[in-house]
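If you're wondering where the values come from, they're calculated on a predicted model, not measured in any experiment. Chain letters run A, B, ... following the sequence lines, proteins first, then strands; residues in each count from 1.
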Amino acid sequence: MSGNCWLVKSEPDTFSIQDLALRPKQTEGWDGVRNYQARNYLRDGMKKGDPVLFYHSRIRQPAIVGLCSVVREGYPDASAWHRDSAHPDPKSTPENPIWYQVDLRLEIIFKGPVLLENLRKDSQMQEMALLKKGNRLSVMPVSPAHYRRIMEMAGISVLPERNQ
DNA sequence: GCCAACGTTGGC
DNA sequence: GCCAACGTTGGC
């Protein structure tokens, strides 16, 4: 198992990590994503058990605020064809779904969020996709090295990768 | 709240 | 198939 690491963004005014903590089983369907590259990660890339960093965007101090894990792999996002959906897409149907989601379960809320401004200052994080100018992807892979560094900055110890 | 950057749409 | 127009994202 042990697949890739990921990061998802959310505007806390819409859905925060504290909201996730209040959900049944602290689990939420990560629906409403309407970008093809992010869709591909949701549908094909994210595997059960993968760690997923939770990022708060569009606030004064954007930050990685915690960690989730994938508890259900990609399946069709029914919010696309629900009339009351915040992100309707009439082109997507139950017969031919376009958009996909996973289910994420909360694992950790960081005691100290890892601020974007501190990521920018960190010599080991310069190549992270999150920091690239103009990046708008709301679901993205995170390299193991970047993942470990972020957990380190959050003050959380992570076992080194097992050889076998 | 502003605005640059980006992805998508649709006229041609 | 180009590209202008548009809507959205997200740092600041």
Toward the 5' end of DNA chain C, by each residue's nearest nucleotide, I59(A) or H87(A):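 Counting from the 5' end, the first nearest nucleotide belongs to H87(A).
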Using a strict 4.0 Å threshold on nitrogen-to-oxygen distance, state whether E117(A) and R120(A) make a salt bridge. no
E28(A)/R105(A) salt bridge by N-O under 4.0 Å criterion: no
Take the protein atom [atom1] of [X] and the nucleotide atom [atom2] of [N], then report the distance between them rounded to whole Å.
{"X": "Y36(A)", "N": "dT8(B)", "atom1": "OH", "atom2": "C1'", "answer": "9 Å"}
{"X": "E11(A)", "N": "dT8(C)", "atom1": "CD", "atom2": "P", "answer": "12 Å"}
{"X": "K132(A)", "N": "dG11(C)", "atom1": "NZ", "atom2": "P", "answer": "16 Å"}
{"X": "Q61(A)", "N": "dC12(C)", "atom1": "CD", "atom2": "P", "answer": "11 Å"}
{"X": "L131(A)", "N": "dG10(C)", "atom1": "CG", "atom2": "C1'", "answer": "13 Å"}
{"X": "L116(A)", "N": "dG11(C)", "atom1": "CG", "atom2": "P", "answer": "6 Å"}
{"X": "Y55(A)", "N": "dG10(C)", "atom1": "OH", "atom2": "P", "answer": "8 Å"}
{"X": "L130(A)", "N": "dA5(B)", "atom1": "CG", "atom2": "C1'", "answer": "15 Å"}

Regarding R120(A), tell me which of base, sugar-phosphate or nothing describes its non-hydrogen contacts under 4.0 Å with the strands shown. sugar-phosphate
Ring geometry between Y36(A) and W99(A) (parallel below 30°, tilted from 30 to 60°, perpendicular above 60°): tilted
Where do Q26(A) and A21(A) come nearest, in terms of heavy atoms and distance?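 Minimum heavy-atom separation between Q26(A) and A21(A): NE2-O, 3.2 Å.
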Nearest-nucleotide 5' precedence on DNA chain B, K91(A) against K133(A): K133(A)
For R58(A) and for N135(A), find the nucleotide of DNA chain B with the closest heavy atom, then tell me which residue's nucleotide is more 5'. R58(A)
